[in-house]
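On a predicted model such as this, the values are computed, not experimentally measured, just so you know. Each chain gets a letter, A, B and so on, in the order its sequence line appears, and its residues count up from 1.
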There are 2 protein chains.
Amino acid sequence: MARAATTTDAFNAVAEPRRRQILEVLADGERPVSDIVASLGLAQPLVSKHLRVLREVGLVEVRDHGRQRMYRLDARPLKSIHDWVRNYERLWSERFDRLDGVLGELKALEDGDDGNDE
Amino acid sequence: MARAATTTDAFNAVAEPRRRQILEVLADGERPVSDIVASLGLAQPLVSKHLRVLREVGLVEVRDHGRQRMYRLDARPLKSIHDWVRNYERLWSERFDRLDGVLGELKALEDGDDGNDE
DNA sequence: TTGACACATACCATTATGGGCATACGATCG
DNA sequence: CGATCGTATGCCCATAATGGTATGTGTCAA
């Protein structure tokens with residue numbers, strides 16, 4: 001088997017730097033393809049392809065506006081990623097490097113959260 | 001060009017479900033390969049390959065222990081992912097979905113139009 | 001209508017992934 | 001020492017992704 005399709009989930013879709021860049025551009029608001037092309041300095045077909053992937057995983061939505069297509073960010077799919085990494089947050093923010101059984105509490109994190117920031 | 005190497009960064013390494021599973025197993029503490037193999041029910045060579053990828057992006061560390069190799073999680077590379085997604089957190093946790101919020105001005109640029117999806 | 005414009009899609013080439021299987025390699029056991 | 005366990009690596013295959021270039025489709029202008 002080959003690598004999972006980029007359209008499998010947000011994890012795969014976002015693994016591509018260009019797609020992350022597109023999301024960042026869209027974070028400022030709805031934009032037509034041409035704007036993204038200009039912002040990223042990529043070929044238009046490439047941008048369209050990346051947008052297609054992002055659309056398939058639900059990270060962006062399109063809206064027709066004359067001959068332009070306005071793309072809008074929908075960050076919700078990113079929540080799954082956030083939820084996943086979040087479980088490891090304490091492992092890098094605290095000095096648990098040498099500890100082994102630390103993660104016994106990982107599951108407990110689900111209900112009891114003590115919130116750590118770096 | 002093909003897709004970026006899985007060893008490019010944590011984003012790519014973690015896009016693979018099996019590798020995420022491995023990290024989850026290691027979250028409970030240091031473990032020899034055989035344990036991971038047993039936990040995931042995958043072929044040993046596959047696990048070794050995945051571990052290699054994880055090692056190359058710094059998500060795991062190895063330690064020789066007799067004829068076993070003990071793998072240990074190092075979550076630090078995950079921080080970059082966390083930092084990235086974090087910027088979008090408000091976009092999914094708040095009700096900015098249907099609203100244009102910050103980008104209200106863009107919305108003002110165009111008025112009458114009908115939304116169309118794929 | 002023709003043409004310019006904004007995007008999307010098709011096709012090509014290059015690359016390498018994930019999985020399967022066999023095997024090489026180091027450490028330990030007998 | 002040789003045998004075996006624990007892992008890593010090599011090789012093969014099928015899949016597909018990214019980037020490039022060309023072209024198709026729909027919209028608006030003249």
[X]: side-chain hydrogen bond (donor to acceptor under 3.5 Å, both in side chains) partners, not counting sequence neighbours:
X: Arg20(B); result: none
X: Arg52(B); result: Glu56(B)
X: Arg3(B); result: none

All side chain to side chain contact (heavy atoms under 4.5 Å, CB included) counterparts of Ala5(A), not counting sequence neighbours
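Counting only residues at least two positions away or on another chain, Ala5(A) forms a side chain to side chain contact (heavy atoms under 4.5 Å, CB included) with Thr7(A), Thr8(A).
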
Not counting sequence neighbours, which residues clear side chain to side chain contact (heavy atoms under 4.5 Å, CB included) with Ala38(A)? List them please.
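Counting only residues at least two positions away or on another chain, Ala38(A) forms no side chain to side chain contact (heavy atoms under 4.5 Å, CB included).
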
Does Glu30(A) come within less than 4.0 Å of Arg63(A), counting only side-chain N to carboxylate O?
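Salt bridge present between Glu30(A) and Arg63(A).
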
Which residues pass the ring pair (Phe, Tyr, Trp, His ring centres under 6.0 Å) test with Phe11(B), not counting sequence neighbours?
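Phe11(B): ring pair (Phe, Tyr, Trp, His ring centres under 6.0 Å) contacts with Trp84(B).
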
Within residues 2-16 of chain A, find the residues that approach DNA chain D with a heavy atom at under 4.0 Å, and present them sorted by residue number.
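Hits under 4.0 Å, by residue number: Ala2(A), Ala5(A), Thr6(A), Glu16(A).
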
Nearest-angstrom distance from the residue atom [atom1] of [X] to [atom2] of [N]:
X: Leu40(B); N: dG18(C); atom1: CG; atom2: P; answer: 14 Å
X: Arg63(A); N: dC7(C); atom1: CZ; atom2: P; answer: 12 Å
X: Asp64(B); N: dC25(C); atom1: CG; atom2: C1'; answer: 12 Å
X: Met1(A); N: dA16(C); atom1: CE; atom2: C1'; answer: 16 Å

Would you tabulate the pairs of protein nitrogen or oxygen atoms and nucleotide nitrogen or oxygen atoms of nucleotides 7-9 of chain D closer than 3.5 angstrom?
{"from": "dT7(D)", "atom 1": "OP1", "to": "Val33(B)", "atom 2": "N", "distance (Å)": "3.2"}
{"from": "dT7(D)", "atom 1": "OP2", "to": "Ser34(B)", "atom 2": "N", "distance (Å)": "2.8"}
{"from": "dT7(D)", "atom 1": "OP2", "to": "Ser34(B)", "atom 2": "OG", "distance (Å)": "3.4"}
{"from": "dA8(D)", "atom 1": "OP1", "to": "Arg69(B)", "atom 2": "NH1", "distance (Å)": "3.3"}
{"from": "dA8(D)", "atom 1": "OP1", "to": "Tyr71(B)", "atom 2": "OH", "distance (Å)": "2.5"}
{"from": "dA8(D)", "atom 1": "OP2", "to": "Ser48(B)", "atom 2": "OG", "distance (Å)": "2.5"}
{"from": "dA8(D)", "atom 1": "N7", "to": "Gln44(B)", "atom 2": "NE2", "distance (Å)": "2.7"}
{"from": "dA8(D)", "atom 1": "N6", "to": "Gln44(B)", "atom 2": "OE1", "distance (Å)": "3.4"}

I'd like a table of donor-acceptor pairs (distance under 3.5 Å, sequence neighbours excluded) in which one partner is a side-chain atom from residues 39-51 of chain A, with atom names and distances.
{"from": "Ser39(A)", "atom 1": "OG", "to": "Asp35(A)", "atom 2": "O", "distance (Å)": "2.9"}
{"from": "Gln44(A)", "atom 1": "NE2", "to": "Ser48(A)", "atom 2": "OG", "distance (Å)": "3.1"}
{"from": "His50(A)", "atom 1": "ND1", "to": "Arg19(A)", "atom 2": "NH1", "distance (Å)": "3.2"}

Can you tell me if the side-chain N/O atoms of His65(B) get under 4.0 Å from OP1 or OP2 in dA27(C)?
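No, outside the criterion.
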
